[in-house]
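No hydrogens, no waters, no symmetry mates; every other heavy atom, side chains included, goes into these values. Chain naming here is simple, since letters A, B, ... match the order of the sequence lines and numbering starts at 1 in each. Remember, it's a predicted structure, so these values are computed and weren't measured experimentally.
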There are 2 protein chains.
Amino acid sequence: MHPERFRLKAQIIKAMAHPSRLMILDALSEQEMCVCDLQKIVGSDLSTVSKHLSVMKNAGLVQDRKVGLQVFYRLRVPCIMQFFGCVEEVIASRFVSDHFDDALQTCPR
Amino acid sequence: MHPERFRLKAQIIKAMAHPSRLMILDALSEQEMCVCDLQKIVGSDLSTVSKHLSVMKNAGLVQDRKVGLQVFYRLRVPCIMQFFGCVEEVIASRFVSDHFDDALQTCPR
DNA sequence: TGGCGAAATGGTAAAATAGCCAATAATTGA
DNA sequence: TCAATTATTGGCTATTTTACCATTTCGCCA
């Protein structure tokens, strides 16, 4: 695969790799929301939330729509939510068997 | 959802959010590989590759196994590879219709 | 048309990340 | 047991990211 492709993919993944941004994506998976709604959920400064949204929009994760004074954001590609299930699987597997092989060798009860 | 949960998920996602690390995951999806193999693929210093692997191991993405002098790494949770398909979808959708609504309004040819 | 509210942008300081080199471990084999 | 090989760790610097505050922009309506 072309190196530039990896750079592109990393950019998109990086755009989700932040607790607040995951919180935002999670909220948007339920319904479209304005920046002010999202600010209440995330709890940081409005400008901070706006910048998070800008990064995600730039990456192609979300889409916006202006209505009067407000800007409403929504998810652009639904499949990213399925992915989070896989992330849960990673978390689960960490608890189940950290260093499984090692454990078998040193603790074979 | 609990804030700590978002932090955990972000840690895992962040562990993939780098071109070299994606390159590594891609290679490991084919087969188990030692650090020296991965270094040839990635092209940076061996210590750099080792640190990338350490981050991903810590996140639960990969698992290692020592054989003599070499350490072999492999994927721990296969589902992350499916996700990359979704990332491709994001990339594709960016080319198809960036700011689709705006485009309709300002450039209706 | 002046002021108000929502959002974006600029500026900046603090924190996190990345990458290289050097040094250290660990293991093999001569 | 010493030298060679593979990997990890420490130290350091440069870069990137984050978050806040202040400022600006944009649209609404009194």
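Residues N58(B) and Q11(B) have side chains in contact (heavy-atom distance under 4.5 Å, counting atoms from C-beta outward). Side chains of R76(B) and L61(B) form no contact here, defined as non-hydrogen atoms less than 4.5 Å apart.
Scanning DNA chain D 5' to 3' for nucleotides with an atom closer than 4.0 angstrom to a non-hydrogen atom of chain B gives a first and last hit of dT5(D) to dG11(D).
Residue-level contact check: S44(B) touches the backbone only, with heavy atoms under 4.0 Å from sugar-phosphate atoms and none from bases. Within 4.0 Å of K51(B), counting heavy atoms only, lies at least one base atom of the nucleic acid. Contacts of F72(B) with the nucleic acid, taken as non-hydrogen atoms under 4.0 Å apart, are absent. When heavy atoms are screened at a 4.0 angstrom cut-off, S47(B) is found touching base atoms of the nucleic acid.
Across all non-hydrogen atoms, the minimal contact from V90(B) to A59(A) is CG1-O, 3.4 Å. In this structure, C86(B) and I80(A) approach most closely via the heavy-atom pair SG-N, 3.4 Å.
V62(A) is connected to M81(A) through a chain of hydrophobic side-chain contacts under 4.5 Å among Ile, Leu, Val, Met, Phe, Trp and Tyr, so both are in one cluster. Both F6(A) and I91(B) are members of a single hydrophobic cluster when ILVMFWY side chains are connected at heavy-atom separations under 4.5 Å.
As a whole-Å value, the separation of K66(B) NZ from dT27(C) C1' is 7 Å. In this structure, Q11(B) places its CD atom 14 Å from P of dA16(C), rounding to the nearest Å. Rounded to whole Å, atom P of dA6(C) lies 7 Å from atom CG of L69(A). Rounding to whole angstrom units, NE2 of residue H18(B) and C1' of dG19(C) are separated by 9 Å. Here the C1' atom of nucleotide dG19(C) and the CD atom of Q39(B) are 13 Å apart, to the nearest Å. When rounded to the nearest whole Å, the span between CG of D64(A) and P of dA7(C) equals 11 Å. dA18(C) atom P lies 6 Å from atom NE2 of H52(B), rounded to whole Å. The NZ atom of K14(A) sits 7 Å away from the P atom of dA18(C) (whole-angstrom rounding).
DNA chain D is contacted by both G43(A) and V67(A); G43(A) maps to the nucleotide lying nearer its 5′ end (nearest heavy atom per residue).
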Test side chain to side chain contact (heavy atoms under 4.5 Å, CB included) applied to E32(B) and R65(B), step by step:
CA-CA 10 Å; E32(B) 192 180 61; R65(B) 176 173 79 93; 2.5 Å; yes

Criterion side chain to side chain contact (heavy atoms under 4.5 Å, CB included) on M23(B) and R5(A), from CA distance to verdict
CA-CA 10 Å; M23(B) 226 176 285; R5(A) 197 76 177 174; over 6 Å; no

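Comparing the local axis fitted to the first five base pairs of the helix from dT1(C)-dA30(D) to dA30(C)-dT1(D) with the one fitted to its last five gives a bend of 10°, rounded to 10°.
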Show me the side-chain donor-acceptor pairs of residues 44-56 of chain B shorter than 3.5 Å, one per line, residues at least two apart or across chains.
{"unit_1": "D45(B)", "atom_1": "OD2", "unit_2": "S47(B)", "atom_2": "N", "d": "2.9"}
{"unit_1": "D45(B)", "atom_1": "OD2", "unit_2": "S47(B)", "atom_2": "OG", "d": "2.7"}
{"unit_1": "H52(B)", "atom_1": "ND1", "unit_2": "R21(B)", "atom_2": "NH1", "d": "2.9"}

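In this model, the phosphate group of dC20(C) is approached by a side-chain N or O of T48(B) to a distance below 4.0 Å at OP1 or OP2.
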